[in-house]
K.L.:
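Here it is, the structure in full.
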Amino acid sequence: MKIAFFGTRAYDRAAFDAANARFDQAIHFLEPRLTGQTAPLADGFPAVCSFVNDRVDADVVMRLAAGGTRLIALRCAGFNHVDLAACRDAGIAVVRVPAYSPHAVAEHALALMLALNRKTHRAYNRVREGNFSLDGLTGFDMHGRTAGVVGTGKIGACVVRLLRGFGCRVLAFDVAQNPDCVSAGAEYLPLADLLRQSDIVTLHCPLMPTTQHLIGADSLAQMKRGVMLVNTSRGGLLDTRAVIAALKSGQVGFLGIDVYEEEEGMFFEDQSATGIRDDVLARLTTFPNVLVTGHQAFLTTEALANIAETTLTNIASIERNEPCANRVDSA
Ligand code: NAI
């Protein structure tokens with residue numbers, strides 16, 4: 001099948017070229033991300049391969065359908081950015097990669113926690129400038145601390161196990177309990193209790209209308225003073241302006257984010273020549289106790305290989321009219 005592959009980066013191409021040796025699909029790698037302007041590049045392509053920050057709203061879906069597209073293969077887990085109703089109306093199937101490496105994201109969440117706690121990002125810069133002073137670099141033992149995991153699906157469950165390995169008391173909140181997390185030693189509590197008791201709060205639930213700004217001024221006020229907040233899930237879970245106010249007051253002591261609510265069109269691009277144009281994100285980067293990564297939690301060799309394998313398997317199933325468990329358009 002001819003596939004228009006939007007937003008190609010060198011690492012995508014390497015992983016998909018390797019996997020495609022077994023599938024032999026006609027992949028046309030395109031650099032721009034999918035938007036209203038770039039959708040015509042998919043004219044004549046029955047399949048489009050798209051990533052998290054592409055624009056897949058009703059206008060784009062209609063434009064893709066007009067060009068002959070009948071399948072959108074998401075090479076990511078989240079599909080909150082896709083207008084599924086528009087896809088259904090246009091007769092476009094949507095498939096995704098529900099799991100490719102929960103370990104990759106979970107380990108990145110831990111990397112943010114450890115770097116923020118032990119101030120590795122600051123120590124790195126100091127040593128490069130010949131400054132071996134330790135002032136301001138005091139951290140805390142993870143062992144014995146209380147960590148709250150919000151969302152205990154595939155990634156959250158890995159985070160629970162990693163935190164238990166550090167000797168943390170782990171609290172959990174989810175709309176449905178995961179027995180694996182209970183047997184790993186997590187204690188399920190209502191969200192308000194988790195927020196009140198946790199030294200670290202890490203978010204692993206999906207972005208949906210009910211979870212938009214799950215962490216805002218009210219929930220921040222319920223947390224322990226000086227709490228560490230980590231978000232590797234979706235930017236919209238955090239009310240960023242409220243978090244900035246909480247950082248300024250000291251209510252939030254550390255913030256680690258891999259996702260940002262206005263990241264679309266900014267993350268995955270090299271904007272070093274122009275600087276950060278988003279004033280809210282620019283403000284965040286001025287805090288010494290804030291660590292921002294540009295949606296890289298998924299980026300491991302293993303995850304990229306799994307993403308390519310599952311995406312191409314999904315496409316082959318749809319091409320052969322076979323049932324595909326990874327369809328999200330309620331076929
Ligand atoms: P999953 O579907 O296995 O787990 C999500 C969990 O959240 C489920 O247990 C679900 O019951 C729970 N949940 C749903 N609504 C909730 C609510 N209101 N409050 C608390 N929990 C709720 O998903 P998985 O694979 O663990 O991924 C979690 C999220 O991580 C994804 O939704 C995605 O946004 C994000 N992600 C981020 C990546 C990155 O590179 N930064 C890469 C992959 C995923």
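Read the numbers this way: they start at 1 and go in the same order the structure lists the ligands and their atoms.
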K.L.:
Find out whether Met223 and Ser198 are in side-chain contact, i.e. whether some heavy atom of one side chain is under 4.5 Å from a heavy atom of the other.
P.N.:
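Sidechains of Ser198 and Met223: no contact.
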K.L.:
Heavy atoms under 4.0 Å from ligand 1: which residues qualify?
P.N.:
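Under the 4.0 Å cut-off, ligand 1 touches Tyr100, Val105, Gly151, Thr152, Gly153, Lys154, Ile155, Phe173, Asp174, Val175, His204, Cys205, Pro206, Met208, Thr211, Thr232, Ser233, Arg234, Asp258, His295, Ala297, Phe298.
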K.L.:
Which word best sums up how the rings of Phe298 and Tyr100 line up, parallel for under 30°, tilted for 30 to 60°, or perpendicular for over 60°?
P.N.:
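Ring orientation of Phe298 relative to Tyr100: perpendicular.
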K.L.:
Please report the shortest heavy-atom distance between Lys119 and Gly136, naming the atom on each side.
P.N.:
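Shortest heavy-atom contact: CD-O, 3.1 Å.
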K.L.:
Between Arg9 and Glu269, does the salt bridge (charged side-chain N to carboxylate O under 4.0 Å, His left out) criterion hold? Intermediate values first, please.
P.N.:
CA-CA 10 Å; Arg9 297 292 175 267; Glu269 309 294 336; 3.2 Å; yes
K.L.:
Please state whether the rings of His295 and Phe268 are parallel, tilted or perpendicular, taking 30° and 60° as the class boundaries.
P.N.:
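Aromatic pair His295/Phe268 classed tilted.
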K.L.:
For Asn20 and Gln25, indicate whether the former's side chain and the latter's backbone hold a donor-acceptor pair under 3.5 Å.
P.N.:
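Indeed, once roles are kept as given, a pair shorter than 3.5 Å links the two residues.
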